[in-house]
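Down below is the structure, laid out as structure tokens.
First the proteins, then the strands, lettered A, B, ... as listed; each starts at 1. The analysis underlying the following values was restricted to heavy atoms, covering all of them including side chains, and did not include hydrogens, waters or symmetry mates.
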Amino acid sequence: MPSSPPSKRQRTPFEKGLDRLFEGTTMGFALFILLLLLAIGLLILVQAWPAVQRFGLSFLWTSSWNPVEGREVFGVLPMVYGTLVSSAIALLLAVPLGLGTALFLSENFIPLKIRTVLVFMVELLAAIPSVVYGLWGIFVLIPALKWFLGLFGVSFAGPSMLAASLVLAIMILPIITAISRDSLAALPPELRQGSYGLGATRWGTIFRVLIPAAISGIVGGVMLALGRAMGETMAVTMLIGNSNTINPSLLAPSNTISSLLANQFAEAKGIQVASLMYAAFVLVILTLIVNILADWIVRKLQAKY
Amino acid sequence: MTDVVLRAKECDIYYGSYKAVRDVSIDIPKNKITAFIGPSGCGKSTVLRCFNRLNDLIESFRLKGKMTYHGQDLYAPDVDPVEVRRRIGMVFQKPNPFPKTIYDNIAYGPRISGFKGDMDELVETSLRRAVLWDEVKDKLQESGFSLSGGQQQRLCIARTIAVQPEVVLMDEPCAALDPISTLKIEDLMKELVQNYTIIIVTHNMQQATRVADYTAFYNAQVVEGAGGKVGYLAEFDSTEKIFSDPEQESTRDYVTGRFG
Ligand SMILES: Nc1ncnc2c1ncn2[C@@H]1O[C@H](COP(=O)(O)OP(=O)(O)O)[C@@H](O)[C@H]1O
Ligand SMILES: [Mg+2]
């Protein structure tokens with residue numbers, strides 16, 4: 001019999017200290033992120049304070065943005081509208097396209113080698129800088145839209161909600177595709193076999209077993225994409241026309257919060273800076289709401305299955 | 001032997017260039033339990049999955065030879081694999097309930113095959129036949145994952161018999177289960193065999209002797225140029241004969257636990 005079985009072995013004080021050090025360090029990192037987040041939020045709020053005091057909550061439903069000295073009125077409603085509508089249209093287009101692509105790339109419709117190449121190309125889409133998307137929008141998409149709408153006799157100036165939303169849709173496509181594909185590919189193969197083994201068709205299996213099983217991952221990806229769409233700046237600024245008005249026509253120019261910030265910060269002073277900060281704060285809150293909503297939806301769906 | 005439901009004739013099965021199984025010929029009798037035994041990797045699952053064309057899902061899979069179902073070629077170009085799998089159901093080694101409620105797990109198969117009758121009744125009879133009804137009747141709307149492993153496996157069996165197949169293929173259905181659940185499933189098989197033809201793959205010799213009418217012993221041997229071990233059907237006979245007086249030396253060694 002060995003005198004001391006391995007389970008009774010004592011850890012040395014050094015080992016214990018190392019463990020504690022590791023724990024402390026990771027906790028420090030985690031707290032640092034939290035503090036950073038709070039600091040950013042606080043800083044924005046402090047800088048926005050003069051505007052918050054002057055306009056109060058009416059900032060949220062005022063539709064004019066007038067920086068002329070002496071007659072300053074600032075309201076963020078058109079930009080909130082633009083942000084929400086452009087993101088919503090982008091999602092509406094990108095979700096079916098992205099999910100379809102993800103399914104195509106996770107099922108065995110085509111040989112694995114071609115699939116791998118396609119997956120790589122989709123991921124490459126995510127690596128294109130947004131200014132390049134903006135240029136592409138100006139030089140390719142807008143002329144194409146002009147030509148296409150011209151066929152129906154519709155006149156189209158170019159920079160518009162439509163152009164910005166279409167480019168946003170392309171930009172968030174790789175996020176939705178990559179995350180949905182990963183969650184579909186991570187499903188246990190037994191699930192697929194179980195469904196086929198009962199005599200299900202490929203479509204039946206995809207829509208009634210695979211998508212429901214991967215739904216929380218898919219929704220997570222969609223929400224991440226939505227966050228990206230709401231915050232995207234450069235490409236949108238180049239394409240949306242930067243008009244601070246609400247116009248129900250998708251062919252008319254519009255604006256988003258992040259695009260507003262990018263355009264006006266350089267020349268802003270005084271209360272305008274504070275108003276821009278206030279707008280930035282509204283954007284942060286909007287994104288926060290989207291994230292909380294996403295979390296809630298994912299939880300709901302997970303509880304269901 | 002009685003009616004033959006499934007027949008394999010001189011079948012070679014390949015995964016890409018690798019020949020996994022060679023020259024299998026076997027007749028599966030109707031309303032009997034046939035056990036497939038043999039060491040791991042000798043192609044039992046491979047043969048089993050060919051019978052309901054589940055191997056079609058594997059891109060590199062190729063079959064040479066003929067497999068028939070009631071004399072009809074299973075791999076004829078005009079045969080729909082979806083239809084084949086509706087008649088020849090499958091229960092897997094790992095319980096694999098769908099991420100749905102218990103009720104929907106059972107109702108899934110009938111729904112996709114266009115069942116028009118009383119679904120509640122079908123769910124109840126299927127669960128009753130799988131001896132699971134009493135345990136789940138009050139929580140039909142809970143997730144299939146909320147059940148224990150043994151219950152999940154019986155759920156998967158209930159799900160399979162709900163589509164009313166003629167043959168049930170079971171690939172080591174008790175491998176992940178405790179002894180009590182295992183006995184329950186064996187009882188269930190004996191009950192089911194009055195209406196169904198069953199093939200079961202098992203590593204458990206006692207299980208084969210307890211439930212199977214016929215037993216097929218598979219073995220594998222290294223063949224030069226085949227890319228690895230090649231499985232083959234060493235012996236097929238009544239269970240009694242295989243376990244008491246087999247023809248082959250290797251069968252005797254295997255069933256007496258001398259290798260495998
Ligand atoms: N999908 C597959 N692709 C390639 N080879 C496979 C595949 N499935 C099984 N094989 C190979 O075929 C042989 C037989 O496997 P299997 O039928 O699972 O054996 P058993 O069920 O008797 O343990 C093994 O060598 C295994 O590695
Ligand atoms: Mg096996």
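- Within a 6.0 Å radius of CZ in F109(A), more than 12 heavy atoms belonging to other residues, nucleotides or ligands are found.
- Between L198(A) and R85(B), every side-chain heavy-atom pair lies at or beyond the 4.5 Å cut-off.
- Between F92(B) and G194(A), the shortest heavy-atom contact is CE1-CA, 3.7 Å.
- Interface remark: R49(B) contributes side-chain atoms only to the contact with chain A (heavy atom separation under 4.5 Å).
- More than 12 heavy atoms of other shown residues, nucleotides or ligands fall within 6.0 angstrom of atom NZ in K139(B).
- Counted within 6.0 Å of CE on M119(B), heavy atoms from surrounding residues, nucleotides or ligands total more than 12; the atom is thus considered enclosed.
- Between the side chain of K100(B) and the main chain of P212(A), no donor-acceptor pair closer than 3.5 Å is present.
- Contacts between L57(B) and chain A at a heavy-atom distance below 4.5 Å involve backbone atoms as well as side-chain atoms.
- One finds a salt bridge joining E59(B) and R115(A) here, because a Lys/Arg side-chain nitrogen approaches an Asp/Glu carboxylate oxygen to under 4.0 Å.
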Please lay out, stage by stage, how R208(A) and R111(B) fare under the test side chain to side chain contact (heavy atoms under 4.5 Å, CB included).
CA-CA 11 Å; R208(A) 304 177 78 152; R111(B) 271 186 197 138; 3.6 Å; yes
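- Using a 4.5 Å cut-off between heavy atoms, P165(B) makes no contact with chain A at all.
- Remark: E23(A) CD is loosely packed, at most 12 non-hydrogen atoms of other residues, nucleotides or ligands lying under 6.0 Å away.
- In terms of heavy atoms, A200(A) sits closest to V82(B) at O-CG2, 3.9 Å.
- Contact count versus chain A (heavy atoms, under 4.5 Å) is highest, among L54(B), V163(B), N52(B), for L54(B).
- Highest contact tally toward chain B, considering only P189(A), S195(A), G204(A), is held by S195(A) [criterion: heavy-atom pairs under 4.5 Å].
- Looking at heavy atoms from C-beta onward, P81(B) lies out of side-chain contact with Y196(A) at the 4.5 angstrom threshold.
- Residue-environment remark: CZ (R7(B)) stays at or below the threshold of 12 foreign heavy atoms within 6.0 Å.
- A distance of 7.0 Å separates CD1 of I58(B) from CD of Q193(A), quoted to the nearest 0.5 Å.
- N96(B) places no side-chain N or O within 3.5 Å of a backbone atom of L191(A) that could act as its donor or acceptor partner.
- Of the two parts of L169(B), neither the backbone nor the side chain holds a non-hydrogen atom closer than 4.5 Å to a non-hydrogen atom of chain A.
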